[in-house]
Amino acid sequence: MDPSLIFMWAGFILAGYSVVGNDSIQTLGTFLSSNEERSWFVLWLFAGSILSATLIYGWMNYGGDVSYGRLEKYPLPQPFAWYYLLPPLVLMSLTRTGIPVSTSFLILTFFNEKNLVDMTVKSLLGYVVAFSVAIIIYLLITKTIERRFIETRPTDADRRIWVPLQWLSTGFLWSQWLIQDFANIYVYLPRSTSATTLAVSLTILLALLAYIFYSKGGAIQKIVKAKTNTVDIRSATIIDATYGVVLYFFKELSNIPMSTTWVFIGLLAGREIAIRYQLDKKVSREVFRMILSDLGKVFFGLVVSILLVFLIKFLAA
């Protein structure tokens, strides 16, 4: 068998596991936290059906390009070399430690470092926009809505309203995230995939997603649980809906890939500052340290991706 073909599919599998595992904190973290009493299989069926629909829709409407046009500037290497497996391997090791690094920077930069500046600018803008939107929203709703969520547990009547709302918001967010991050996974496969390749790759992704749900998100899930009241299904619904709208905005803005991790970290940071200010009339040093720690981790991912680009150039020389 052609070694290039082996490296291509190995890269796809590793990227699929690494990207979904790392980014579960963004799209599925609050969903998993607030639905811990439900069977992982039910949650997987829900997320898997949306993944399948989003993937097939992109394939049908973009001429076989499931990345929704986001890989136009990222040509497929000819041939595939072993060192293209390094990005998802590094990402996988960082994910197991709970570090929320950017999958876009770590993986896509390997394939075309010339787009690093555009991707960085869009990602930084994403952080600022998400941070600002979260501060505005939670300054407005903390005293009247979020305080009630923090002080009271949801009743049966509340759950009858909020469970459907949360599943709808999660479904919307999950689809918007997939449209952005399919590029990070399918960068290893031909830009126009055949029906057979689509079926095989979808089966692999569904299997990887099942493992993520079975393991309840892994170590990276601690990032979500450390924030104020994220396990409450009502709070989780607002987080997911806000994040989904911000991602939709950037999806429509341009097809340049971006770091959804930076957007999510910015959203959580703005939310935490606004809630603590409204409830405590101040923002403690511990909150600022937590926010700076999260930002430092994603910035660390950017630095690692740049260093690895130079390493690949050295290996390829």
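For this chain, numbers begin at 1 and follow the sequence in order. Keep in mind that what you see is a predicted model, and the values were worked out from it rather than measured.
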| task | Could I get the full list of side-chain hydrogen bond (donor to acceptor under 3.5 Å, both in side chains) partners for T170, not counting sequence neighbours? | result | D240

| request: Scan residues 114-125 for pairs that pass side chain to side chain donor-acceptor pair (under 3.5 Å), counting only residues two or more places apart or in two chains. | output: K122-S254

| request: For R289, enumerate each residue passing the salt bridge (charged side-chain N to carboxylate O under 4.0 Å, His left out) test, keeping only those at least two apart in sequence or located in another chain. | output: E286

| task | Tell me, please, which residues at least two apart from T142 pass side-chain hydrogen bond (donor to acceptor under 3.5 Å, both in side chains). | result | none

| task | Sequence neighbours left out, what passes salt bridge (charged side-chain N to carboxylate O under 4.0 Å, His left out) with D232? Give chain and number order. | result | R234

| said: Which residues pass the side-chain hydrogen bond (donor to acceptor under 3.5 Å, both in side chains) test with R191, not counting sequence neighbours? | reply: none

| said: Other members of the hydrophobic cluster containing V128, with the 4.5 Å side-chain heavy-atom rule, please. | reply: none

| field | Co-members of the apolar cluster containing V121 [side chain, <4.5 Å] | value | V117

| field | Test side-chain hydrogen bond (donor to acceptor under 3.5 Å, both in side chains) applied to D156 - qualifying residues, sequence neighbours left out | value | none

| task | Kindly give the cluster partners of L292, where membership spreads through any ILVMFWY side chain lying under 4.5 Å from a current member. | result | none

| said: Starting from V245 and following side-chain heavy-atom contacts under 4.5 Å between hydrophobic residues (I, L, V, M, F, W, Y), which residues can be reached? | reply: F172, Y248

| request: Quick one: list whatever passes ring-ring contact (aromatic ring centres under 6.0 Å, His included) with W44, sequence neighbours left out. | output: F41

